[in-house]
Amino acid sequence: MIRNTPRLRGLIQSSLSKVSARCLTAQAATALRESEPMFRYEEYADIDWNNLGFGLTRTDYMYTAKCKENESFQQGQLRDYGNVELSPAAGVLNYGQGLFEGTKAYRGENGRVFLFRPDQNAIRMQMGAERMCMRSPSVQQFVDAVKQTAFANKRWIPPPGKGSLYIRPLLIGTGPILGLSPSPEYTFLVYASPVGNYFKEGTAPLNLYVNDEFHRATRGGAGGVKSITNYAPVLQAISKAKEQGFSDVVYLDSVHKKYVEEASSCNMFLVKGNVISTPATVGTILEGITRKSIIDIARDSGYKVEERLVTVDELMEADEVFTTGTAVSIAAVGSITYNGQRKEYKTGDGLVCKDLYKTLVGIQLGKIEDKHKWVVQLD
């Protein structure tokens, strides 16, 4: 018979403590392993790369970071792609306090991966956040988040010539708020999806419709920033246009109803002789990253580029019209219908926009010298 002495009780307690400590250490290690994403290292995901449209494909990982009121964003982390839990009183749900950006990762030759001007997206998000009374991540954190998201989802980047990995950074007010006021908390989130052509026409010329009934933005509003509130109001106009066989809608200014602003998801350009004109960004037009790049490429190529007020009559008399945007890249316009009149533009070889497109894509894929230092290569 073993006596229950104080010394024996001490030995038992010491042994139990060591076992407990080892168990807790093992549990912590397991939890740490479970919290860290296990990257998948296949070269390519198993999908049909030849039939990519512009739809959502669930990828592996997304990036998230949070920020409390009057604080800076904490260090973010990658996590498995999945749903986000929100309070029903979240600022983004009740008052539309949210911004988004769009950028892409491209796979070049020899498996190299490139990003295109992500710092410009970061700056634009900061400008939008100021307009929407939101906290925003620094340029460095934004770019690092995009890099991490692209690298973690590398197997979803299409082969060269098959598409790109569309990367969607989001900044949303996730803190609960009842009265009309800035959110007490913000979430910065980045997810991605492989995409092909934005329009169902693929690379075929677009057929656009000028709508003078609905307006995308008004002076003094938020049309010049990438607020989530700018997009739902145009869905009715798009739906009506597509029912009639059009690709997209061109919007006019809300005051005079004669100056061209932009299409639903892209900027507008027109060509007349050796002059390329695009509507000036005067607060109602989003200053697109692709738009800025095409202006520089066109000037480098010897074209005169004008940023000014462009009337719808000028648009209908142009030699060539095209659109630009991260999602659409550069798309030629085959026709525009306005007030019952249909104007058809030249298509095929010899288009200015095709030459500009070749240069832009060549830079994005690392095939053409990047004189402006726009491209970021992932290590």
Side-chain angles (χ1 to χ4, degrees), residues 101-128 137-151 157 160-161 163-169 190 195 198 224-226 262 265-271 274-281 285-308 320 322-332 351-379:
E101 280 295 328
T103 187
K104 287 179 176 178
Y106 305 87
R107 194 185 293 268
E109 302 300 330
N110 301 320
R112 295 179 301 168
V113 174
F114 302 101
L115 301 174
F116 187 70
R117 308 190 75 178
D119 60 314
Q120 296 300 302
N121 295 95
I123 293 169
R124 189 168 65 180
M125 176 170 278
Q126 290 184 333
M127 294 171 60
S138 67
V139 172
Q140 180 178 350
Q141 182 173 13
F142 182 103
V143 173
D144 285 345
V146 170
K147 286 181 177 179
Q148 289 184 48
T149 305
F151 184 79
I157 303 176
S164 57
L165 183 71
Y166 184 83
I167 302 172
R168 171 64 61 83
V190 186
V195 297
Y198 181 80
V225 299
K226 211 164 175 63
E262 58 182 303
S265 58
C266 41
N267 294 117
M268 300 291 300
F269 284 81
L270 64 89
V271 182
N274 195 50
V275 179
I276 300 175
S277 301
T278 186
T281 55
I285 300 173
L286 186 69
E287 190 171 350
I289 311 301
T290 308
R291 173 187 178 275
K292 292 169 62 175
S293 304
I294 287 302
I295 289 173
D296 288 338
I297 291 172
R299 286 173 174 158
D300 290 345
S301 301
Y303 292 98
K304 179 181 179 182
V305 180
E306 298 177 340
E307 297 179 74
R308 58 177 177 82
E320 178 185 339
F322 61 92
T323 66
T324 66
T326 297
V328 307
S329 188
I330 302 178
L351 293 180
V352 171
C353 70
K354 287 197 172 183
D355 290 336
L356 299 175
Y357 173 79
K358 288 178 182 178
T359 301
L360 175 67
V361 172
I363 294 171
Q364 291 171 336
L365 296 180
K367 294 181 177 180
I368 294 178
E369 180 186 1
D370 178 21
K371 296 186 296 184
H372 296 281
K373 308 300 181 184
W374 289 337
V375 171
V376 177
Q377 182 175 341
L378 292 187
D379 296 330

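No hydrogens, no waters, no symmetry mates; every other heavy atom, side chains included, goes into these values.
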Got a donor-acceptor contact below 3.5 angstrom from the [X] side chain to the [Y] backbone?
{"X": "K292", "Y": "E287", "answer": "no"}
{"X": "T278", "Y": "M268", "answer": "yes"}
{"X": "D119", "Y": "V139", "answer": "no"}

[X] side, atom [atom1]; [Y] side, atom [atom2] - distance, nearest 0.5 Å:
{"X": "I330", "Y": "R291", "atom1": "CD1", "atom2": "CZ", "value": "13.5 Å"}
{"X": "S329", "Y": "I294", "atom1": "OG", "atom2": "CD1", "value": "7.5 Å"}
{"X": "Y198", "Y": "C266", "atom1": "OH", "atom2": "SG", "value": "7.5 Å"}
{"X": "M127", "Y": "K226", "atom1": "CE", "atom2": "NZ", "value": "13.5 Å"}
{"X": "I295", "Y": "D300", "atom1": "CD1", "atom2": "CG", "value": "12.0 Å"}
{"X": "F116", "Y": "L360", "atom1": "CZ", "atom2": "CG", "value": "5.0 Å"}

Kindly write out the residues that satisfy side chain to side chain contact (heavy atoms under 4.5 Å, CB included) with Q377, not counting sequence neighbours, or none if the list is empty.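 R112, F114.
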
Does L365 have any side chain to side chain contact (heavy atoms under 4.5 Å, CB included) partners at least two apart in sequence or in another chain, and if so, which?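 Side chain to side chain contact (heavy atoms under 4.5 Å, CB included) list for L365, sorted by chain: Y106, V361, K367.
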
Exercise: identify the closest heavy-atom pair between [X] and [Y]:
{"X": "L351", "Y": "A332", "answer": "CD1-CB, 4.1 Å"}
{"X": "A150", "Y": "A105", "answer": "CB-CB, 4.2 Å"}
{"X": "I285", "Y": "P279", "answer": "CD1-CB, 3.6 Å"}
{"X": "T326", "Y": "T290", "answer": "N-OG1, 3.4 Å"}
{"X": "I363", "Y": "E369", "answer": "CG1-O, 4.1 Å"}
{"X": "I276", "Y": "A298", "answer": "CD1-CB, 3.8 Å"}

[X]: which residues meet the salt bridge (Lys or Arg N to Asp or Glu O under 4.0 Å) condition with it, sequence neighbours left out?
{"X": "K304", "answer": "E306"}
{"X": "R124", "answer": "E101"}
{"X": "E320", "answer": "none"}

Between I289 and T103, is there a side-chain heavy-atom distance shorter than 4.5 Å?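 A side-chain contact is absent here, since even the closest heavy-atom pair is not under 4.5 Å.
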
Quick one: ring-ring contact (aromatic ring centres under 6.0 Å, His included) partners of Y166, sequence neighbours excluded?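 Checked Y166 against ring-ring contact (aromatic ring centres under 6.0 Å, His included); matches are F54.
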
Determine the sole option in F322, Y357, Y303 for which the ring-ring contact (aromatic ring centres under 6.0 Å, His included) test with F269 is passed.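 The residue from F322, Y357, Y303 that satisfies ring-ring contact (aromatic ring centres under 6.0 Å, His included) with F269 turns out to be F322.
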
As a test of understanding, state which of V375, N121, I167 forms a side chain to side chain contact (heavy atoms under 4.5 Å, CB included) with L115.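 Exactly one option meets the side chain to side chain contact (heavy atoms under 4.5 Å, CB included) with L115, and it is I167.
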
